[in-house]
Amino acid sequence: METTRFKRVVLKLSGESLAGNQGFGIDLPTVDEIAAQIREIRNRGIDVAVVVGGGNIWRGLAGSTKGMDRAQADYMGMLATVMNSLALQSSLENVDVDTRVQSAIEMRQIAEPYIRRKAIRHLEKGRVVILAAGTGNPYFSTDTTAALRAAEIEADVILMAKKGVDGVYDSDPAKNPDAKRFDRLSYIEVLQKGLAVMDSTATSLCMDNKIPIIVFNIDHHENILKVAMGEDIGTIVAS
Ligand code: UDP
């Protein structure tokens, strides 16, 4: 019988991972493939909360560098995550996975508001909870959202899906052929070396609350199931 290392996971999907090869927007066949993997995880009895990014549609920083007020641009980014969340919900429902979207910005017609106790209740009932609109605050990221929600719902781990890279390297593997991949890192090493795992706010939150992060490559969608089942792929960041 297969044994699982994790009981409850937060899966962080960057917006980019939903864009497929087009690099922008939502590629529905890609979202369908990811949904099929999430279904596999759920079928193995693992609680799954998904935090969805928005970078495939809009990034706050990009707007603010073009003269837009940063907070305004960030709210647009949060709205982008809601679009992605609804697309993922639709794909999950197409494969009969019970799903709830909870939004950190109230939008009653399309999503429940984020209520921690309710999110936990959904997970206990075997529903996949998609956490939309980030933290609801500008100047944060969906990485920070993943760290915050993982602490709140007492997840065992954050599964950090990356496109185009299979873990954390000491330099950019796309530019440096000698770049070395780490199997394991401490939070402090990530912060001190300035490694591009997640932003420093998110890393600090994980460090303070002892939440491990596993960075893995989502180009092969079956990696989502492998990593959730405890297979040693990617880089683990822990104490
Ligand atoms: N964002 C925000 N507060 C949050 C989460 C997200 O302001 O709590 C905004 C921010 O502008 C960010 C955008 O939403 O650039 C999209 O999120 P992110 O860049 O984290 O998405 P990803 O890189 O994972 O696709």
Side-chain angles (χ1 to χ4, degrees), residues 9-28 30-31 34 38 49-89 101-107 111 113-116 119 129-153 158-165 168 172 174 190 195-206 209 211 213-219 221 224 234 237:
V9 301
V10 166
L11 174 65
K12 164 68 212 295
L13 295 174
S14 63
E16 209 190 358
S17 65
L18 305 181
N21 293 329
Q22 60 194 27
F24 180 84
I26 301 170
D27 182 53
L28 285 178
T30 300
V31 184
I34 292 173
I38 294 173
V50 187
V51 171
V52 190
N56 54 325
I57 299 169
W58 182 262
R59 264 182 220 285
L61 207 55
S64 64
T65 56
K66 293 189 175 75
M68 189 183 273
D69 177 69
R70 171 71 193 263
Q72 178 89 338
D74 277 343
Y75 279 116
M76 287 173 66
M78 288 182 258
L79 294 179
T81 74
V82 178
M83 290 176 67
N84 286 333
S85 297
L86 294 183
L88 182 62
Q89 178 176 43
V101 177
Q102 289 203 341
S103 172
I105 296 174
E106 231 186 288
M107 288 186 214
Y114 172 70
I115 298 170
R116 174 179 161 269
V129 180
I130 303 172
L131 298 164
T135 61
N137 300 293
Y139 297 96
F140 287 93
S141 67
T142 52
D143 286 353
T144 308
T145 310
L148 175 64
R149 299 301 186 227
E152 287 188 84
I153 65 170
I158 297 173
L159 307 177
M160 174 81 57
K162 296 268 182 192
K163 241 184 107 62
V165 64
V168 185
D172 186 348
V190 171
L195 298 169
V197 177
M198 55 189 349
D199 55 74
S200 57
T201 314
T203 308
S204 306
L205 206 52
C206 287
N209 294 289
I211 304 161
I213 308 149
I214 303 178
V215 181
F216 71 101
N217 187 350
I218 198 177
D219 296 330
H221 294 129
I224 303 176
V237 182

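Indexing begins at 1, ligand by ligand and atom by atom, following the structure's order. What you see is a predicted model, and the numbers here were worked out from it, not measured in a lab.
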* To do: Can you pull out the closest protein heavy atom to atom 13 (C) of ligand 1? Residue, atom name and distance to 0.1 Å, please.
  => G77 CA, 3.5 Å

* Sequence neighbours left out, what pairs pass side chain to side chain donor-acceptor pair (under 3.5 Å) with at least one residue falling in residues 51-61? => N56-N84

* Give a yes/no verdict on whether any heavy atom in M76 is under 4.0 Å from an atom of ligand 1. => no

* Selection from N137, L148, L79 by shortest heavy-atom distance to atom 4 (C) of ligand 1 -> N137

* Asked: Starting from atom 10 (C) of ligand 1, which protein heavy atom do you reach first, and at what distance in Å?
  -> D74 OD1, 3.4 Å

* In the protein, what heavy atom is nearest to atom 1 (N) of ligand 1, and what distance, to one decimal place, separates them? -> F140 O, 3.4 Å

* Among all protein heavy atoms, pick out the one at the shortest distance from atom 5 (C) of ligand 1; state its residue, atom name and that distance to 0.1 Å. => S141 C, 3.4 Å

* Heavy-atom nearest neighbour in the protein, as seen from atom 19 (O) of ligand 1, with distance rounded to 0.1 Å -> R59 NH1, 3.0 Å

* **Minimum-distance protein heavy atom relative to atom 12 (C) of ligand 1** => G60 N, 4.0 Å

* To do: Within a distance under 4.0 Å of any heavy atom of G15, pick out the atoms of ligand 1 and give their elements.
  => 22 (P), 24 (O), 25 (O)

* For I158 and A150, work out which heavy atoms get closest and say how close. => CG1-CB, 3.8 Å

* Per-atom contacts of ligand 1 with G55, taking only distances under 4.0 Å to non-hydrogen atoms -> 21 (O), 22 (P), 25 (O)

* Structure fact -> Nearest non-hydrogen protein atom to atom 18 (P) of ligand 1, with distance, is T142 OG1, 3.4 Å

* Relative to the heavy atoms of P138, which atoms of ligand 1 are at a distance of less than 4.0 Å? -> 7 (O)

* Asked: What residue and atom, counting heavy atoms only, is the protein's closest point to atom 24 (O) of ligand 1, and at what distance?
  -> K12 NZ, 2.8 Å

* Check each atom of ligand 1 against the heavy atoms of T145 and keep those under 4.0 Å away; list them by number with element. => 8 (O)

* **The one among A80, G54, A132 that brings a heavy atom closest to atom 22 (P) of ligand 1** => G54

